[in-house]
Number of protein chains: 2
Amino acid sequence: MTEAALPVIRVLIVEDEPLAAEAHAAYVGRLAGFELAGTAGTGQEAFRRVAAAASAGTPIDLVLMDMNLPDSHGLDVSRRIRSAGLATDIIAITAVRDVDNVRGAIAAGVVQYLIKPFTYSTFATKLSSYRDFRAELNGQASNVTQSAVDHAFASLRAPTDIPMPKGLAESTLNPVVRYLQAQGAPVSASELMEPLGLSRVTARRYLEYLADTGLVLRAPRYGAPGRPENEYSWKSGR
Amino acid sequence: MTEAALPVIRVLIVEDEPLAAEAHAAYVGRLAGFELAGTAGTGQEAFRRVAAAASAGTPIDLVLMDMNLPDSHGLDVSRRIRSAGLATDIIAITAVRDVDNVRGAIAAGVVQYLIKPFTYSTFATKLSSYRDFRAELNGQASNVTQSAVDHAFASLRAPTDIPMPKGLAESTLNPVVRYLQAQGAPVSASELMEPLGLSRVTARRYLEYLADTGLVLRAPRYGAPGRPENEYSWKSGR
DNA sequence: TGAGCTCGTGAACAATATGACCGCAACCGT
DNA sequence: ACGGTTGCGGTCATATTGTTCACGAGCTCA
């Protein structure tokens, strides 16, 4: 085991809502190997803190950066930190979750991307994998190999461990979700079975599951003879 | 499969040694889904090309950035591209391989890190996983979920060389790979056991390993009663 | 040669899609 | 209004496959 003297990771929380900031701080406090270095409520302040800490010789290792800040966007702050050449890693925390933001965040050198609201367990997973990533690189000699680099990258990868209810498979749920998202219009179970190659029972089971978890909207479709058919539509903004 | 309509990824090669640049260009040409957008020999030129392409409406999607450039360091160029807010992803290519450079590269938003010299196979793996990452995000609606983000991260930083787990032998893996490559069509574990003389459990274990390394695609096969059978198909372009 | 390790196999158990069946809830004809 | 028709909703047993486990054959090393 290469345990022992791993340096503590100093964390700065950037979050304008005091309540959320406090919650995140509490989360950080519960995690071994991390230390709260402070809190900032604006982009300006965040940048100042990071820069000041660096020149004071006690650099911030990690910033938990909310994307929506009163004075600027988190991505802008990240870019500014990058331009200054500060050696700080950034985990993006945001309630906004459109694809462009994710792309932008990765381009800005964000190591993880957390969507609010999240549980402690999700939070812990992300930060732990970041800690592993650091340990991996710290454990290397000054010269690294391709496979060492690959491993370091890989430990930044999220395990994505969402438990599914018995009887449902993620590999089936995913196509269903994608189809619903792609299709703007409401979809019935029978309409789902053909393009996905599923039986009606299975299609209905997954749609029902999505409806129960609140991800899709369920409504009866009247007008035709026979018992009304349920149609399911993806809730945009979810 | 939902192949086809993925947009081509436009690649700019930044490399001062003409020989290396040519080699990389040839590599890009061999990969499906990528298109050479040009070559730059200096950091200045690289930045100009990226900026010009963006304002011309034909943006560079990906830069293969050598770190050692005559006029500046690749990381500086990367940071400059970031500061300009250009939506370009960067793969670092370098012969220098100290830990700090790796850290800096990740902080600068580099999506992959390639150490020279590399084989075509290594190169292809990195670019393919980048392509998968793009496809993953493109396939999403404008709003994504945490698990979608996690998956995208995962495919981007997928470990490329998972050490062969205990219980698997090279001498068994090779025939499996050959059979998959020869067979154009997807193959299930049961279909593999007969021609190779393996038990179902063993066949499945090897297929599963290949799926984990990202060399083969795994998809459930619906339509028949019973638990769905997984079918595995060799990823072309690897 | 024998202890230990490696890798494949068969069997038992868990998971998950399917087909069939029955009942329900809205249209439709009188 | 009212019973008949229609077609989907919901449940269950069934069919297969995925997964795990312990065991055994073959190889390595001392």
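Chain A is the first sequence line, chain B the second, and so forth, proteins listed ahead of strands; every chain is numbered from 1.
Proximity of a side-chain donor or acceptor of Q183(B) to a complementary backbone N or O of A185(B) within less than 3.5 Å is not detected.
Distance, L207(B) CG to dT19(D) P: 12 Å, rounded to whole Å. In this structure, CZ of R227(B) is placed 6 Å from C1' of dT17(D), rounded to the nearest angstrom. Between the OH atom of Y209(B) and the P atom of dC7(C) there is a distance of 12 Å, rounded to whole Å. Distance OH (Y222(B)) to P (dT16(D)): 18 Å, rounded to an integer number of Å. E170(A) places its CD atom 16 Å from the C1' atom of dG18(D), with the value rounded to the nearest Å. One atom, CD of E231(A), and another, C1' of dA25(C), lie 16 Å apart when rounded to the nearest Å. For the pair R221(A) CZ and dA26(C) C1', the computed distance is 15 Å after rounding to whole Å.
Partners of R204(B) by salt bridge (Lys or Arg N to Asp or Glu O under 4.0 Å), not counting sequence neighbours, listed by chain and number: E208(B). Residues satisfying the side-chain hydrogen bond (donor to acceptor under 3.5 Å, both in side chains) criterion with S171(B), sequence neighbours excluded, are absent altogether. Take R30(B) and apply the side-chain contact (heavy atoms from CB on, under 4.5 Å) test, not counting sequence neighbours, and it matches Y27(B), Y120(B). Residues satisfying the salt bridge (Lys or Arg N to Asp or Glu O under 4.0 Å) test with E35(A), not counting sequence neighbours, are R10(A). Residues satisfying the ring-ring contact (aromatic ring centres under 6.0 Å, His included) criterion with F118(A), sequence neighbours excluded, are H24(A), F123(A). R205(B) meets the salt bridge (Lys or Arg N to Asp or Glu O under 4.0 Å) test with no other residue; sequence neighbours excluded. The salt bridge (Lys or Arg N to Asp or Glu O under 4.0 Å) search around R103(B) returns D89(A), not counting sequence neighbours. Taking S188(B) as the reference, S190(B), E191(B), R221(B), E229(B) meet the side-chain contact (heavy atoms from CB on, under 4.5 Å) condition, with sequence neighbours excluded. Under the side-chain contact (heavy atoms from CB on, under 4.5 Å) criterion, E170(B) pairs with M164(B), N174(B), not counting sequence neighbours.
Contact between the side-chain N/O atoms of Y206(A) and the OP1/OP2 oxygens of dA17(C) is found at a separation under 4.0 Å.
Counting any heavy atom pair closer than 4.0 Å across all strands shown, T172(B) reaches sugar-phosphate atoms only and no base atom. Backbone-only contact: A224(B) has heavy atoms under 4.0 Å from sugar-phosphate atoms and none from a base.
Residue A169(B) has its side chain nearest to dG8(C) when only dG8(C), dA17(C), dT16(D) are considered.
Residues S199(B) and T202(B) have side chains that bring a donor and an acceptor to within less than 3.5 angstrom of each other.
Across the interface with DNA chain D, nearest-nucleotide mapping of A189(A) and G226(A) shows G226(A) to be the residue nearer the 5′ end.
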Identify all pairs in which a protein N or O lies below 3.5 Å from an N or O of nucleotides 3-6 of chain C, and state each distance.
from   : atom 1 : to      : atom 2 : distance (Å)
dT6(C) : OP1    : K166(B) : NZ     : 3.4

Please list, for nucleotides 28-30 of chain C, all pairs of protein and nucleotide N/O atoms separated by less than 3.5 Å.
none

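Contacts with DNA chain D (heavy atom under 4.0 Å) in residues 192-205 of chain A: R200(A), V201(A), R204(A), listed by number.
With salt bridges taken as basic N to acidic carboxylate O contacts below 4.0 Å, one links K126(B) and D150(A).
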